[in-house]
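Beneath this line is the structure, given in structure tokens, with notes to follow.
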2 protein chains.
Amino acid sequence: MPLMNDTIVLAIVDDHPIVIEGLRTLLKEEPQISIAGSFTRGKDFMDFLQHNKVDLVLLDIMLPDTSGMDLCRDIKKMSPDTVVLALSNHTERSIILQILQNGASGYLVKNVSSTELLNCLKEALKGEIAFSKEVKEIITRPAQHEFKKVPTLTKREKQILQLVSQGKTTPMMAQELNVSPLTIETHRRNLLQKFDVKNVAELMMAAVQHKMITGI
Amino acid sequence: MPLMNDTIVLAIVDDHPIVIEGLRTLLKEEPQISIAGSFTRGKDFMDFLQHNKVDLVLLDIMLPDTSGMDLCRDIKKMSPDTVVLALSNHTERSIILQILQNGASGYLVKNVSSTELLNCLKEALKGEIAFSKEVKEIITRPAQHEFKKVPTLTKREKQILQLVSQGKTTPMMAQELNVSPLTIETHRRNLLQKFDVKNVAELMMAAVQHKMITGI
DNA sequence: TCAAAAATACCGGTAAACCAGTAGATAAAA
DNA sequence: TTTTATCTACTGGTTTACCGGTATTTTTGA
């Protein structure tokens, strides 16, 4: 965490040039903030982070190459002192909590006002958790279904979940992945267990709910 | 349509201050463009339009108060010479076509680059239809699922689709609805046929896609 | 009222999914 | 290096889903 009277080195990771430009303009007013760079791909930022110190990252959790979730974890792993503020349009409670679980210090929806944005930046740098107004409301009023914990899947499990959603059967997947059908069955069983469901129908619904499979 | 050597009066309607700021910054570079105003609510813009001439509107089709679709139609009704360029993150073909149907002169996804944005503005002002690169691809190569007509389900079929999505098995549903399991099987078969899918996993995904089952 | 649509139900069969338990081989983290 | 997680694979089952065809009754709409 940088001292408050130091210059804060900030980076932006977002695949929308318009948003990047907007953030740059809003933050340019602040003398103690220096924008080190902006990136449209997660990998580019990780390369940058290897050779540069960054105090705070504004991170869009929907990126074309990597999931922002994974990127967040990678950032905190490589540079634990870097504060990550998630920036997104998703208003699902589960997603917000998930990104916090992955090490983010806060969550802003993209319709924040400039003053709100600056306040959140300051809070996050002080070591506090920062939420924009709308997000605070979402956090404080949880829905019933939100209580279900989001399971963490392994790489293979994610892959198989995707294939199942495409209607692939166990034998088909076994052939496609060059493993025994029995192996696929084990993965399927683990998926059912992790999601706490009884069959594929429920599995698909749960996965969609948690946005763990892309609709198309 | 304004002449190309006149100053173009432009307005922005978007509920994201960051995006507004970004657009302003990008368009400030262009001497022939003058930004008349930016609005976070559709109604505010309509009030403005009553007393002011606007050549071009950058319109976010997802607004808190009105649907951007309706707003677009209202704009064209009140001021037919005003060119509307839709700005959104939605990449569904049906949505793009719908907004064009409502009088928009083009569609940009928010991840457009600044050069792309300016090109589209110019094209739209020339009276052409303007699409950003990604949108062009969506328009020209419609996905398979776009062709699939939305099946019309009977009352019973909807009911069973819902129960299936809740993880109910055929015997369970038979008992719950006081009919033979064989009847349920017939309904299931008809559902698979109507959605043109091979198994429940695909069925759930198709149903979710067409919003025929509520995620929760 | 009469044809079409929907809901009901059956047979016989194959394929796939699901259950319970176990366990070796790797790969990654402590 | 040792532990832990992950991926792999098996046995031996039961249950459910899916396929193709057929057919009666009930409801509904033109």
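Every chain is numbered from 1 and lettered A, B, ... according to where its sequence line falls, protein lines coming before strand lines. Because the structure is predicted, anything quoted here is derived from the model rather than measured.
Under the ring pair (Phe, Tyr, Trp, His ring centres under 6.0 Å) criterion, B:Phe45 pairs with B:Phe39, not counting sequence neighbours. In this structure A:Ser79 satisfies the side-chain hydrogen bond (donor to acceptor under 3.5 Å, both in side chains) test together with A:Thr82, sequence neighbours excluded. Under the side-chain hydrogen bond (donor to acceptor under 3.5 Å, both in side chains) criterion, B:Arg73 pairs with B:Asp70, B:Asn102, sequence neighbours left out. Applying the side-chain contact (heavy atoms from CB on, under 4.5 Å) criterion to A:Ala206, with sequence neighbours excluded, gives A:Phe195, A:Val197. Not counting sequence neighbours, the partners of A:Glu134 by the side-chain hydrogen bond (donor to acceptor under 3.5 Å, both in side chains) test are A:Asn111.
One axis for each end of the helix from C:dT1-D:dA30 to C:dA30-D:dT1, each built from five base pairs, and the angle between them comes to 70° at 10° resolution.
Bracketed by its first and final contacts, the part of DNA chain C lying under 4.0 Å from non-hydrogen atoms of chain A reaches from C:dA16 to C:dG21 in 5' to 3' order.
Salt bridge annotation for A:Asp60-A:Lys110: present, with a cationic side-chain nitrogen under 4.0 angstrom from a carboxylate oxygen.
Side chain of A:Glu202 to main chain of A:Lys198: a donor-acceptor pair is present (N/O by atom type, distance under 3.5 Å, no hydrogens or angles). Checked by atom type and distance alone, the side chain of B:Glu185 never pairs as donor or acceptor with a backbone atom of B:Thr170 at under 3.5 Å.
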List, with names and distances, any nitrogen or oxygen atoms from the protein found under 3.5 Å away from nitrogen or oxygen atoms belonging to nucleotides 28-30 of chain D.
none

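Here salt bridge (charged side-chain N to carboxylate O under 4.0 Å, His left out) pairs that include residues 155-166 of chain B, with residues two or more places apart or in two chains, are B:Glu157-B:Lys194.
Of the residues in residues 165-180 of chain B, those lying under 4.0 Å from DNA chain C by heavy-atom distance are B:Val179, B:Ser180. Residues from residues 183-192 of chain A that place a heavy atom under 4.0 Å from any atom of DNA chain C, listed by number: A:Glu185, A:Arg188, A:Arg189, A:Leu192.
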Show the atom names and distances, to 0.1 Å, of all donor-acceptor pairs under 3.5 Å that link a side chain in residues 18-25 of chain B to residues at least two apart or in another chain.
| unit_1 | atom_1 | unit_2 | atom_2 | d |
| --- | --- | --- | --- | --- |
| B:Arg24 | NH1 | B:Ser38 | OG | 2.6 |
| B:Thr25 | OG1 | A:Thr25 | OG1 | 2.6 |
| B:Thr25 | OG1 | B:Glu21 | O | 2.7 |

